[in-house]
Protein chains: 2
Amino acid sequence: MTKTTPEQRRGGHLPTAEELRIWRDFIETTEALRSELTSRLQTESSLSPGDYAVLLALSEAQDRTMRSSELATHIGWERSRLSHHLGRMERRGLIRRQECPTVPRGAEVLLTPAGADAFRRSTVPHLRAIRELFVDALTPDQLRAAGAITAALRANLGPQHEE
Amino acid sequence: MTKTTPEQRRGGHLPTAEELRIWRDFIETTEALRSELTSRLQTESSLSPGDYAVLLALSEAQDRTMRSSELATHIGWERSRLSHHLGRMERRGLIRRQECPTVPRGAEVLLTPAGADAFRRSTVPHLRAIRELFVDALTPDQLRAAGAITAALRANLGPQHEE
DNA sequence: CCGGAGCGGTTGACGTGTCAATAATGCTAC
DNA sequence: GTAGCATTATTGACACGTCAACCGCTCCGG
């Protein structure tokens, strides 16, 4: 199928109906996948994907503590987004914030025992869900193809989305 | 690579490090893709993806009018979500709502000229962006593979996500 | 010394999404 | 008829994200 070109695909023009169908299915399915995973995480652990990302980073950090902006870069969030999210997580007792002694105006985020517990309880079911809904849904070939497609899309997306 | 199985993959267990890496790249890249497309649509047309979906459905509807719950099923939204969104779109003059004469308690949503205009102006750039960021980033083989992967994921996701 | 640039973090406003509760209306069963 | 009951839409409360403005602090140049 190296000569599909229903309307001469060279020329920077519009997607064909078939290409558009693939696109729509693709974007809708990834959305459904994310939403199913989110919902399982929520009902099993009362955690959102955002909570999970923060707790994962803190769990792996030295002293279960990280500077706020360090954390932000690590998980790829804007500082403002993180600040809002930490506020909500602090209200629920998952993390605490305290002034950083060494850095002027710096804030340290630290995992509470409750936060560590919640994270520990959530990991295995979450990983199992990833396996069930993604890994096991695909053949080994498809899984490798997914990796290649991902890489191609990301390369095409520009350097700002690299990491 | 038909015998990877670093920890005997049969048995419904956890994803391997490699599988997890593919998963993370996959989900992050689709997210980056969606966000880039959203941002282009926004700057070019001052429309959100939600606006686009609603306007598209109404443009194709008889009399540019649709019953609210019909519209909701058509684009796959909960009625509540649609109601909120229509409120915002109505404030911006993109659509209007009026009581439906035939159906009890029913509401008709209709496209305003301003809404039709905004949609018309947005379509070509949006489709071009889809082509540039998705279709043209992949080889024909990869595009077909993406379709197959999508289908496999969706099938595995259960009937409630079929459409 | 002081005035402004820059960094780190927070805040507010607002769009967006979900969930549960609430109308408003017709239908059905007694 | 009238007491439920389903259907249709809306509403309110809240979580989440982005953007722009702000605040406190250091540091550097005059």
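Throughout, a chain's letter reflects where its sequence line sits, starting with A, and its residues are numbered from 1.
In the hydrophobic cluster analysis, where Ile, Leu, Val, Met, Phe, Trp and Tyr join through side-chain heavy atoms closer than 4.5 angstrom, Val54(B) is grouped apart from Ile27(A).
Summarising the geometry, the separation between CG on Leu82(B) and P on dG17(C) is reported as 11 Å, rounded to the nearest angstrom. Across the protein-nucleic acid pair, Arg40(B) atom CZ and dT18(D) atom C1' stand 19 Å apart, rounded to whole Å. Atom CD in Glu99(B) sits roughly 12 Å away from atom P in dA24(C) (whole-Å rounding). What separates CD of Glu78(A) from C1' of dC16(D) is a distance of 13 Å, to the nearest Å. Between the CD atom of Glu31(B) and the C1' atom of dC16(D) there is a distance of 12 Å, given to the nearest Å. Per the geometry, CZ belonging to Arg79(A) stands 13 Å off C1' belonging to dG24(D), to the nearest Å. Atoms CZ (Arg34(B)) and P (dG17(D)) sit 13 Å apart, rounded to a whole Å.
Glu90(B) and Arg97(B) are joined by a salt bridge, as a carboxylate oxygen and a charged side-chain nitrogen come within less than 4.0 angstrom of each other. Salt bridge annotation for Glu108(A)-Arg67(A): absent, with no cationic side-chain nitrogen under 4.0 angstrom from a carboxylate oxygen. Remark: Arg34(B) engages Glu31(A) in a salt bridge, criterion side-chain N to carboxylate O under 4.0 Å. Using a 4.0 Å cut-off between a side-chain N of Lys or Arg and a carboxylate O of Asp or Glu, Glu132(B) and Arg128(B) do not qualify as a salt bridge. For Arg81(B) and Glu78(B), the salt-bridge test fails: no basic side-chain N is under 4.0 Å from an acidic carboxylate O. Under the 4.0 Å criterion applied to side-chain N and carboxylate O atoms, Asp51(B) and Arg88(B) are not assigned as salt-bridge partners.
Over its length, the helix from dC1(C)-dG30(D) to dC30(C)-dG1(D) turns its helix axis by 20°, as judged from the five terminal pairs at each end, rounded to 10°.
With dT18(C), dT11(C), dG8(C) as the candidates, the nucleotide lying closest to the side chain of Ser83(A) is dT11(C). Closest to the side chain of Ala107(B), out of dA9(D), dT11(D), dT16(C), is dA9(D). Of the listed nucleotides (dT10(C), dG17(C), dC16(D)), dT10(C) has the atom at the smallest distance from the side chain of Ser68(A). For Ser69(B), the listed nucleotide lying nearest its side chain is dA9(D); candidates were dC19(C), dA9(D), dT10(C). Checking dT8(D), dT18(C), dT16(C) against the side-chain heavy atoms of Arg67(B) singles out dT8(D) as nearest.
The structure places CD1 of Ile75(A) at 13.0 Å from OH of Tyr52(A), a figure rounded to the nearest 0.5 Å.
Residue Ser48(A) places at least one side-chain N or O closer than 4.0 Å to OP1 or OP2 of dC16(D). Here Arg97(A) does not reach the OP1 or OP2 of dG9(C): none of its side-chain N or O atoms lies under 4.0 Å away.
At a cut-off of 3.5 Å, with distance as the only test, a side-chain donor of Arg154(B) or Thr29(A) sits close to an acceptor on the other residue.
Summary of the strand contacts: Gln42(A) and Arg81(B) both lie near DNA chain D, and taking for each the nucleotide with the nearest heavy atom, the more 5' one is attributed to Arg81(B). Take the nearest nucleotide of DNA chain D for Ser80(A) and for Leu47(A): the residue whose nucleotide is more 5' is Leu47(A).
Taken residue by residue, residues 84-95 of chain B places heavy atoms nearer than 4.0 Å to DNA chain C at His84(B), His85(B), Arg88(B), Arg91(B).
Judged purely by atom type and a 3.5 angstrom limit, Glu36(B) has no side-chain atom pairing as donor or acceptor with the backbone of Leu33(B).
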